[in-house]
Amino acid sequence: MRLILLGPPGSGKGTQSERLSDEYRLARISTGDMLREEVSLGTELGKEVKGIMELGKLVPDEIILELIRSRLDRDEASSGHILDGFPRSVAQARALDAVLEEKGTRVDAAIALEVDDEVIVKRLSGRRSCPVCGAVYNLLTAPPNTVGICDLCGEALILRDDDREETVRERLRVYRSETEPLKEYYAKTGLLQEIDGEGAVDEVYERVKSAIERLN
Ligand code: AMP
């Protein structure tokens, strides 16, 4: 099964894709996580993309496609994958189709999580992330056991630079102009599943699962 999770920043793609990857044994591929890892390791690539990410802009396609190609090659043996945060434009979606075609496979569904902009701004300003293990918390809905400390590795939690309100608004603008047209792209081939992404994590997960089960 090859799934794509679409949705604005803060719509729950990361949380939902982690659960799906556990339950359906799919490799989870998040381009945002891959880029953040390069930044925290201080690699050449990390230095190149850090400023772009802090501004909430899109990293150039050549860089993203290179990352995705190498990950898909590595995961070739797996029973499938779930893509979180990629593709983010029609050009990236076309490139993905071409890569998958070379491998004799294709996307099975694009699941779009729908969340209102103001709900997103509220969610992201409460989001706290662990800079070491990548665990994600929310001050209102999923706080850590000890204030400011990661439950899993004990590191101090941070507010991601790109979760500040100004940057969130820019990321939303980029999403609406570059990424949202993908819904039409996948609707044309019957692959789009639109899901209400508001409400509790468990409720949204049930909606996502029903959409996946309808595929079979
Ligand atoms: P995310 O964690 O998916 O919200 O991604 C964080 C940031 O990484 C985005 O705001 C972009 O700057 C960059 N990024 C992640 N995935 C992509 C992609 N597929 N294309 C371009 N930029 C990306």
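Start at 1 and go down the list; that is how both ligands and their atoms are numbered.
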Going by atom types only, do R28 and S17 share a side-chain donor-acceptor pair under 3.5 Å?
-> yes
Applied to residues 129-143, the salt bridge (Lys or Arg N to Asp or Glu O under 4.0 Å) test, sequence neighbours excluded, yields none
Please report, to 0.1 Å, the donor-acceptor pairs under 3.5 Å made by any side chain of residues 56-64, with sequence neighbours excluded.
unit_1: K57; atom_1: NZ; unit_2: E170; atom_2: OE2; d: 2.9
unit_1: D61; atom_1: OD1; unit_2: Q92; atom_2: NE2; d: 3.0

For D196, all residues meeting side chain to side chain donor-acceptor pair (under 3.5 Å), sequence neighbours excluded = none
Output yes when E114 and K183 qualify as a salt bridge under the 4.0 Å nitrogen-oxygen rule, no when they do not.
-> yes
Is there a donor in the side chain of Y137 and an acceptor in the side chain of N145, or the other way round, less than 3.5 Å apart?
-> no
Near ligand 1 (heavy atom, under 4.0 angstrom), the protein residues are T31, G32, L35, R36, M53, K57, L58, V59, I64, G85, F86, R88, Q92, R160, D162, R171
